[in-house]
A.B. asks: 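One structure, as structure tokens, below. Some questions next.
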Amino acid sequence: MLDLKFIRENPGIVKQGIKNKKEKDTVDDILNLDKKRREFIHKTEELKSKRNSVSQEIGRLKKAGENADGIIAEMKQVSDEIKELDNQLRNVEEKLNDLLKWVPNLPHKSVPVGFSEEENVEVRKWYPEDYDVNENSEYLDHVELGKKLKILDFERGAKITGSGFPVYTGKGATLERALINFMLNYHLRHHGYTEVFPPFLVNADSMLGTGQLPKMAEDMYHCEKDDLYPVPTAEVPITNLHRNEILAESDLPINYVGYSACFRREAGSYGKESKGFLRVHQFNKVEMVKLVKPETSYDELENIVSHAEDILKELKIPYRVLLLCSGDLSFAAAKCYDIETWSPAENKWLEASSCSNFESFQARRANIRFRNETDKKVNYLHTLNGSGLATSRLMVSILENYQTPEGKVIVPKVLQPYTGFSIIG
RNA sequence: GGAGGGGUGGCAGAGUGGUUGAAUGCGGCGGUCUUGAAAACCGUUGAGGUGUUACAGCCUCCGGGGGUUCGAAUCCCUCCCCCUCCGCCA
């Protein structure tokens with residue numbers, strides 16, 4: 001959510017930001033409602049002030065045993081008027097809030113303006129030593145390989161649940177678990193995070209807090225009976241841990257890392273790119289979440305990206321880092337880097353991580369604040385998160401890059417202590 | 001799922017219709033005293049909205065929402081959460 005005052009004072013900047021993000025511009029409607037709102041506030045508060053003082057007077061009269069029927073009758077009218085005005089005010093505020101919830105975060109000034117993914121900017125690329133880009137191009141893709149080695153079973157996943165719910169079996173299951181543990185441990189030991197194991201279902205307030213609702217409602221699973229949402233990412237429960245809290249400045253930065261299964265409906269995305277792991281409804285992800293002081297958030301964004309990159313370097317998987325252009329930014333993000341890993345069989349880069357700075361956008365929605373130690377003022381903090389990383393696309397790159405000419409898969413060295421075996425097949 | 005109890009400021013804990021945004025204690029901050037610290041004493045200490053150049057002023061908030069009343073932390077309805085006991089259960 002953007003600050004209403006900021007919108008009021010900088011409508012031009014907000015409009016431009018919305019345009020650059022290809023979102024719907026409701027600024028004029030918002031400003032109109034805001035004006036109405038303040039008019040109602042003015043009227044209703046004037047009456048309330050009167051009511052308060054007269055009510056006190058009534059109390060005094062009654063105590064003194066005097067008759068107050070006249071002013072009580074008068075106040076009854078004032079009270080009705082207040083009720084009516086409050087209703088109208090509530091109505092206006094509801095409309096205003098509905099609009100505000102749909103206003104996207106504004107792109108940071110360092111974000112290139114652009115309207116398609118072609119306009120994303122490649123920031124850097126990394127290959128393991130002696131990596132030959134062409135070497136593995138003849139190998140089996142992860143679906144065929146997974147089937148042959150009996151480590152992935154997409155068909156039975158479809159049977160027991162539905163398409164897009166992969167099953168890991170045998171050494172595949174162990175490898176997946178090893179990957180998750182390796183990543184968690186690495187972030188804990190080398191990057192100073194605190195581990196969180198969150199619930200996988202959250203309430204609507206949490207989904208609103210991080211910005212999945214209302215805009216992404218169609219992409220979320222929803223358990224209607226209990227009004228709970230399976231998390232699309234651990235970002236949601238972890239960021240919302242401190243919803244409606246005022247933290248001490250000395251608490252910051254807070255660095256959390258946590259694993260969760262992630263559930264996404266991916267509505268309307270069938271067909272293209274939906275093979276195997278390329279698009280699934282349930283996947284595993286280790287997520288880094290940071291709650292930081294505003295002035296540090298852009299440095300922290302660079303940190304979080306490098307933390308994700310460290311994992312790929314340890315795994316020796318080729319990757320590239322993209323700076324997303326304004327039009328490709330998610331609703332809540334002010335700036336975002338995607339990390340894509342190389343898939344030789346697909347002959348393309350696959351998104352395995354997304355690292356974003358939300359500035360105060362989520363903090364304002366979720367009401368997460370901190371108290372400045374020097375001036376004692378309360379202010380919104382900045383939130384960030386980054387995948388560190390999602391295992392599904394990463395697994396594609398691992399299986400394909402570590403494939404031997406015989407169709408076996410060597411387990412990356414850093415994972416071997418976790419798997420207990422060094423080769424699959 | 002059933003029965004009962006409870007949700008008040010950073011924490012503990014008063015307050016059951018009329019200057020109560022809220023006693024008191026602890027904690028925090030500032031000060032006096034002290035070579036320094038502790039103790040003691042004094043003062044101060046919630047958030048949001050509106051408004052203002054900035055103050056002031058005004059309004060709202062005692063789990064959330066709604067209601068009764070001239071007036072609600074206090075009464076009513078509803079939802080949520082916590083605790084105790086029973087039942088069920090990985």
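Just so we're on the same page: letters track the sequence lines, and every chain starts at 1.
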A.B. asks: Could you please name the partner base of B/C26, counting Watson-Crick and G-U wobble pairs only when both distances are under 3.5 Å?
C.D. replies: B/G10

A.B. asks: Output the rounded distance in Å from CG (A/Asn203) to P (B/C80).
C.D. replies: 12 Å

A.B. asks: Between the protein and nucleotides 17-21 of chain B, list the N/O to N/O atom pairs that are separated by less than 3.5 angstrom.
C.D. replies:
residue, atom, partner, partner atom, Å
B/G18, N2, A/Ser55, O, 2.9

A.B. asks: Please measure how far the C1' atom in B/C82 lies from the corresponding atom in B/U8, and state the result in whole Å.
C.D. replies: 15 Å

A.B. asks: Answer yes if the ring centres of A/Phe263 and A/His281 are under 6.0 angstrom apart, and no otherwise.
C.D. replies: no

A.B. asks: Who is the Watson-Crick or G-U wobble partner of B/G18, with both distances under 3.5 Å?
C.D. replies: B/C70

A.B. asks: Do any side-chain nitrogens or oxygens of A/Lys5 fall under 4.0 Å of OP1 or OP2 in B/G48?
C.D. replies: no

A.B. asks: What nucleic acid atoms does A/Lys83 come within less than 4.0 Å of, heavy atoms only: base, sugar-phosphate, or nothing?
C.D. replies: sugar-phosphate

A.B. asks: Looking only at the side chains, is there a donor atom on one of A/His187 and A/Tyr256 sitting less than 3.5 Å from an acceptor on the other?
C.D. replies: no

A.B. asks: Under 3.5 Å, is there a donor on one side chain and an acceptor on the other for A/Ser343 and A/Glu400?
C.D. replies: yes

A.B. asks: Which protein N or O atoms sit under 3.5 Å from an N or O of nucleotides 59-66 of chain B?
C.D. replies:
residue, atom, partner, partner atom, Å
B/C59, OP1, A/Asn52, ND2, 3.0
B/C59, O2', A/Glu45, OE2, 3.4
B/U60, OP2, A/Asn52, ND2, 3.4
B/G66, OP1, A/Arg90, NH1, 3.2

A.B. asks: In whole Å, measure the gap between the P atoms of B/C70 and B/G13 for me.
C.D. replies: 37 Å

A.B. asks: Relative to the 5' end of RNA chain B, which residue comes earlier, A/Ile246 or A/Ile72, by the nucleotide with the nearest heavy atom?
C.D. replies: A/Ile246

A.B. asks: Between B/G15 and B/G65, how far apart are the C1' atoms? Round to whole Å, please.
C.D. replies: 24 Å

A.B. asks: Check the phosphate of B/G10 against A/Arg371, side-chain N and O only, distance under 4.0 Å to OP1 or OP2. Yes or no?
C.D. replies: no

A.B. asks: Taking atom types as modelled, find out whether A/Thr26 and A/Asp29 have a side-chain donor-acceptor pair closer than 3.5 angstrom.
C.D. replies: no

A.B. asks: Closer than 4.0 Å, any side-chain N/O of A/Ser79 to the OP1 or OP2 of B/U69?
C.D. replies: no

A.B. asks: Using Watson-Crick or G-U wobble geometry with both distances under 3.5 Å, which nucleotide pairs with B/U60?
C.D. replies: B/A47

A.B. asks: Roughly how many Å apart are B/G57 and B/G63, using the C1' atom of each and rounding to a whole number?
C.D. replies: 31 Å

A.B. asks: For B/G67 versus B/C11, give the span between their C1' atoms, rounded off to a whole number of Å.
C.D. replies: 33 Å

A.B. asks: Find the distance A/Asp80:CG to B/G71:P and express it as a whole number of Å.
C.D. replies: 9 Å

A.B. asks: Would you call the rings of A/Phe154 and A/His142 parallel, tilted or perpendicular if under 30° counts as parallel and over 60° as perpendicular?
C.D. replies: perpendicular

A.B. asks: Work out how far the P atom of B/C42 is from that of B/G25, and round it to whole angstrom.
C.D. replies: 10 Å

A.B. asks: Any donor-acceptor pair under 3.5 Å linking the side-chain atoms of A/Ser260 with those of A/Lys285?
C.D. replies: no

A.B. asks: Would you mind pulling out the nucleotide paired to B/C85, Watson-Crick or G-U wobble, both distances under 3.5 Å?
C.D. replies: B/G2

A.B. asks: For B/C79 versus B/G1, give the span between their P atoms, rounded off to a whole number of Å.
C.D. replies: 12 Å

A.B. asks: Between A/Glu195 and A/Tyr259, is there a side-chain donor-acceptor contact under 3.5 Å, judged purely by atom types and distance?
C.D. replies: no

A.B. asks: Would you please say whether a donor-acceptor pair under 3.5 Å links the side chains of A/Thr169 and A/Asp153?
C.D. replies: no

A.B. asks: Under the rule for ring-ring contact (aromatic ring centres under 6.0 Å, His included), what residues qualify as partners of A/His42, not counting sequence neighbours?
C.D. replies: none

A.B. asks: When all nucleic acid strands are considered with a 4.0 Å heavy-atom cut-off, which category describes A/Arg8: base, sugar-phosphate, or nothing?
C.D. replies: sugar-phosphate

A.B. asks: Of the nucleotides B/C70, B/G49, B/A47, which one has an atom closest to the side chain of A/Arg37?
C.D. replies: B/G49

A.B. asks: Quantified in whole Å, what is the C1' atom distance between nucleotide B/A39 and nucleotide B/G48?
C.D. replies: 39 Å

A.B. asks: Measure up the A/Tyr186 and A/Phe182 rings against each other and bin them: parallel (under 30°), tilted (30 to 60°), perpendicular (over 60°).
C.D. replies: tilted

A.B. asks: Could you tell me which nucleotide pairs with B/C41 by Watson-Crick or G-U wobble geometry, both distances under 3.5 Å, or answer none if nothing does?
C.D. replies: B/G31

A.B. asks: side-chain hydrogen bond (donor to acceptor under 3.5 Å, both in side chains) with A/Ser297: which of A/His108, A/Lys335, A/Glu359, A/His382?
C.D. replies: A/His382

